[in-house]
Amino acid sequence: MSRYVKKEVRDIVDKESSFKCSWCGVNLFERHHLKEYALGGENTADNLILLCPTCHTEAHNGGIDNVELLNRKKELNGKIDKSAGNISVSGTPTFIAGGTRYEGGIERILVHKDLDYLKIECINNYLLVSLKLYDAEGKLVFWMSKNRWWVENDKIFDFKFNKNSLLVKSDEINSILKINVEEDIVRLQCQMYVNNTLVNFDENEINIGQSIIRIGKHIGDKNTIAITIN
């Protein structure tokens, strides 16, 4: 089977994503097979979706779940929005979360079954935020990967991003992520659903369901886990 995609198929796939990456909205794209070409995936409009090179690589590496891509494909309407921003630090940041102070930085903030719901990497004096927000029924409604993001319905979100702070908030899905940086001290406030359970933490404590706990695990230098939920 040839890899050639017919023009009429390309036109359908390109227009439904508004000629942008269907996941993060970057004005640069490649065509991704939802069912892999090597596994018999066909060059049809139903099996193709536009992704930028970065998201394309993440999809093949499992960073973007194929089920979520299939759901995204069903919802495409020719309107793709994207934004980007950077939070700057001058040195190695200190994170404060859940009653623990992490001198020398932290990377994996909130983890469930080895899936990162919140991850913040410090690269070249910038904080790169990765975040997954689900509603109470377990549907992904907001996705961010290294400061690139996609939102299902931006009307239900308050969103602010600048060099010292990030705010992602939705009263409708009962979720918030607030990051403030002052003199390389990173203070975190977060509320989100993890496995259909509401998790809430700030710099002082963690609430999981009806429990109040403090968790801090240091595993090596770059794989520190602040909050792990079994």
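Just so you know, these numbers use all the heavy atoms, side chains as well, and skip hydrogens, waters and symmetry mates.
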Test item: [X] and [Y] side chains (from C-beta on) under 4.5 Å apart, heavy atoms:
X	Y	value
Y37	N47	no
N66	L69	yes
S22	K73	no
K119	E107	yes
Y126	S88	yes

(message) Can you list everything that forms a ring pair (Phe, Tyr, Trp, His ring centres under 6.0 Å) with H56? Sequence neighbours excluded, please.
(response)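 By the ring pair (Phe, Tyr, Trp, His ring centres under 6.0 Å) rule, H56 matches H32, H60.
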(message) Among residues at least two apart in sequence or on other chains, which ones pass ring pair (Phe, Tyr, Trp, His ring centres under 6.0 Å) with Y134?
(response)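 Only Y117 meet the ring pair (Phe, Tyr, Trp, His ring centres under 6.0 Å) criterion with Y134.
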Heavy-atom closest pair, residues [X] and [Y]:
X	Y	answer
C122	V89	SG-CG2, 3.7 Å
S145	S130	CA-OG, 3.7 Å
A97	L188	CB-CD1, 4.0 Å
E205	N207	OE2-ND2, 3.5 Å
I64	C55	CD1-O, 3.7 Å
D171	K169	OD1-CE, 3.3 Å

Are [Y] and [X] linked, directly or through intermediate hydrophobic residues, by side-chain heavy-atom contacts shorter than 4.5 Å (ILVMFWY only)?
X	Y	result
I156	W149	yes
M192	I208	yes
I185	L128	no
L198	I176	no
F161	V168	yes

(message) For W143 together with W150, are the ring centres under 6.0 Å from each other?
(response)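 Aromatic pair excluded; centres sit 6.0 Å or further apart.
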Reported [atom1]-to-[atom2] distance for the pair [X] and [Y], which is rounded to 0.5 angstrom:
X	Y	atom1	atom2	result
L177	L133	CG	CG	7.5 Å
I179	I87	CD1	CD1	4.5 Å
S17	L76	OG	CG	4.5 Å
L115	K132	CG	NZ	5.0 Å
L34	T44	CG	OG1	8.5 Å
R31	D14	CZ	CG	4.5 Å

(request) Decide side chain to side chain contact (heavy atoms under 4.5 Å, CB included) for L118 and F201; before the verdict, give the C-alpha distance in whole Å, the side-chain angles of both, and the deciding distance to 0.1 Å. (result) CA-CA 12 Å; L118 175 60; F201 70 87; 4.1 Å; yes
(request) May I have the step-by-step check of side chain to side chain contact (heavy atoms under 4.5 Å, CB included) for I120 and L131, ending in yes or no? (result) CA-CA 9 Å; I120 304 178; L131 172 69; over 6 Å; no
Look at the side chain of [X] and the backbone N and O of [Y], then say whether any donor-acceptor pair between them is shorter than 3.5 Å.
X	Y	answer
D135	E137	yes
D184	S90	yes
S175	S170	no
N196	A136	yes
R10	V5	yes
N147	L127	yes

(message) Can you confirm whether more than 12 heavy atoms, excluding those of E8, are under 6.0 Å from its CD atom?
(response)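 More than 12 heavy atoms, drawn from other residues, nucleotides or ligands, come within 6.0 Å of this atom.
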(message) Surrounding CD of E182 (heavy atoms of other residues, nucleotides or ligands, distance under 6.0 Å), is the total greater than 12?
(response)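 For E182, atom CD is not crowded (no more than 12 foreign heavy atoms under 6.0 Å).
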So, [X] and [Y], do they make that salt bridge, N to O below 4.0 Å?
X	Y	result
K35	E42	no
D114	R108	yes
D202	K178	no

(request) Quick one: do V141 and F157 satisfy side chain to side chain contact (heavy atoms under 4.5 Å, CB included)? Show the steps, please. (result) CA-CA 10 Å; V141 294; F157 278 90; 4.2 Å; yes
(request) Determine, step by step, whether E58 and R148 satisfy the salt bridge (charged side-chain N to carboxylate O under 4.0 Å, His left out) criterion, reporting the C-alpha distance in whole Å, the side-chain angles of both residues, the deciding distance to 0.1 Å, and the verdict. (result) CA-CA 13 Å; E58 286 194 30; R148 296 174 300 112; 2.9 Å; yes
(message) Let's go through Q191 and N174 carefully: what are the C-alpha distance in whole Å and the side-chain angles of both, what is the deciding distance for side chain to side chain contact (heavy atoms under 4.5 Å, CB included) to 0.1 Å, and is it a yes or a no?
(response) CA-CA 7 Å; Q191 179 170 290; N174 206 19; 2.9 Å; yes
